Amino acid sequence: MQIISGTEVAGKVLTECTAQISELAAAGIRPGLAVVLVGDDPASRAYVRSKDKKCRDLGLHSVKHELPATTTQEELLAVVRELNADPAIHGILVQSPPPAHIDEAAVVRAIDPAKDVDGFHPINVAKLALEDPTGFVPCTPLGCQRLLIEAGIETKGAHAVVIGRSMIVGKPMALLLMAKGPGGDATVTVAHSRTRDLGAITRQADIIVAAIGRPGFLKAEHVREGAVVIDVGINRVEDSSIEKGYRIVGDVAYDEVAPKCRAITPVPGGVGPMTIAMLMSNTIKACRQITGK
Ligand code: NAD
C-alpha cells in the first residue's frame, strides 16, 4: 500500500513556484496575491494567515484585507474593484464563508476573472468545462489531480467515483477527471447525499475522491481491494487526550480502509498542503497571463 504524501508533492510544486518567481523577478515582475477576509471566524482567520505566510515565504507580494463583520456589500465590492484595478495584484480571493448579509455569489462575480485564482467565477467554471487552459481551476481539486499524477496513478480509462458535488471540490474534481489528458480521461461517477446505495457504486471504483465533510464516513465496506482513495475531508473531532482538545480527521475511516487500498492520502498531510501550493501556482499563472511573461 502506497501512502501518497501531499506534504512531499506540495514541496515539489512550491519548488517549481520558486523557480518561476526567480524567472519573473529577472524580468522585474513580482506576482501579487490579495486575500480579503470579512468577519472574525477563527478558522477563516487561520486560513488567511497561512496563505499570507506562504506568499511571504516564497517572496510573493501579499496583501491582506481584514474587514470587520459589519462591512457592507457595497464596501466589500469597492475593495474588490480597487484590487481589480491594482497592477501589483494578480490574484484575488475573498475568504469563504462571508457573514450572512453578504451575497457571496455577487462578490465572486465582481472579481476580475483574470485574477480569480480560486477559480469560482462563472467564466472560470465555464473554462474548466470547456477544457480551456487559460482558466483557473479551484485549488483543492487541482491539488488532488496533481497528487494522482505524481503518485503514478493511471486515470485514463479508470472508473473514478467522486463523492460530493460542491462547486469548490466535487463538481470541479469530476470535470478534471473526465477532461482529456494527464490526470484525466477517466470514466466518472458523481455521488452525493441523494445517491441510492452508495456502496454499490463506490465498490466499482478504481479511484475514489471523498469530499463529504463527515469524519470517517467512507468505510472498508465501501471500497474494493486495490482501490486508490483521495481523502479531501478536513473535520475537527473532539479529543480530550490532546492539549487543544480536538484533532483533524478526514472523510475516510483510514485505519480500516488503508489496508485494502493500492494507494491512499493521509489526513493531515494529504490534500491539505496541496490546496495552498496550488493557490501559489495559480497566482503565478495569473501573473504570467496578465503580464504576458
Ligand atoms: P460541502 O458541504 O459543500 O459538500 C459536501 C458534499 O458531500 C455535498 O455535495 C453532499 O451532497 C455530499 N454528501 C453529504 N452527505 C453525503 C452522504 N451521506 N453520501 C454521499 N454524499 C454526501 O463540502 P465541501 O466544501 O465540498 O468540502 C468537503 C470536505 O472537504 C469537508 O470536510 C471540507 O472541510 C473539506 N475540504 C478540504 C479542503 C482542503 O484543502 N483539503 C478544501 C475544501 C474542503
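All residue numbers in this chain count up from 1 along the given sequence. Scope of the values below: all heavy atoms of this structure, side chains included, with no hydrogens, waters or symmetry mates. Since the model is a prediction, treat every value here as computed from it, not as a measurement.
- Applying the 4.5 Å side-chain rule to ILVMFWY residues, one finds that L130 remains a lone member of its cluster.
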- Message: Run K285 and Q20 through side-chain hydrogen bond (donor to acceptor under 3.5 Å, both in side chains) and show every step you take.
- Response: CA-CA 10 Å; K285 175 178 168 178; Q20 293 200 57; over 6 Å; no

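- The pair D41-R45 does not count as a salt bridge, with every side-chain nitrogen at least 4.0 angstrom from each carboxylate oxygen.
- Checked by atom type, the side-chain pair D52/S62 shows a donor-acceptor distance below 3.5 Å.
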- Item | Candidate pair S166 and K171, rule side-chain hydrogen bond (donor to acceptor under 3.5 Å, both in side chains), full reasoning | CA-CA 6 Å; S166 73; K171 218 175 271 182; over 6 Å; no

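- Side-chain atoms of D231 come within 3.5 Å of backbone N or O of V252 as a donor-acceptor pair.
- The salt bridge (charged side-chain N to carboxylate O under 4.0 Å, His left out) check on D239 picks up R247, with sequence neighbours excluded.
- Under the 4.5 Å side-chain criterion, counting only non-hydrogen atoms from C-beta, I3 is in contact with M1.
- Other residues, nucleotides and ligands contribute only 12 or fewer heavy atoms inside 6.0 Å of the CZ atom of R214.
- One distance of note links CG of L148 with CD1 of I4; it measures 6.0 Å at 0.5 Å rounding.
- For the pair L76/V36, a side-chain contact is recorded, criterion being any heavy-atom separation below 4.5 Å from C-beta on.
- Side-chain atoms of I264 and V257, non-hydrogen and from C-beta on, do get closer than 4.5 Å to each other.
- Salt bridge status for K12 with E150: present, with a side-chain N to carboxylate O gap under 4.0 Å.
- Between E221 and K260 there is no salt bridge, since no side-chain N of the basic residue sits under 4.0 Å from a carboxylate O of the acidic one.
- Applying the side chain to side chain donor-acceptor pair (under 3.5 Å) test to E75 and every residue at least two apart in sequence or in another chain returns T72.
- Note: F136 CZ to Q289 CD = 4.5 Å, rounded to the nearest 0.5 Å.
- A salt bridge links E74 with R81; the closest basic N to acidic carboxylate O contact falls under 4.0 Å.
- Judged purely by distance below 3.5 Å, without hydrogens or angles, the side chains of H90 and T283 never pair a donor atom with an acceptor atom.
- S96 and E104 share a side-chain donor-acceptor pair at under 3.5 Å.
- For K293, the NZ atom sits in a loose shell: 12 or fewer heavy atoms of surrounding residues, nucleotides or ligands are nearer than 6.0 Å.
- The shortest side-chain heavy-atom distance between I92 and V117 does not fall under the 4.5 Å cut-off.
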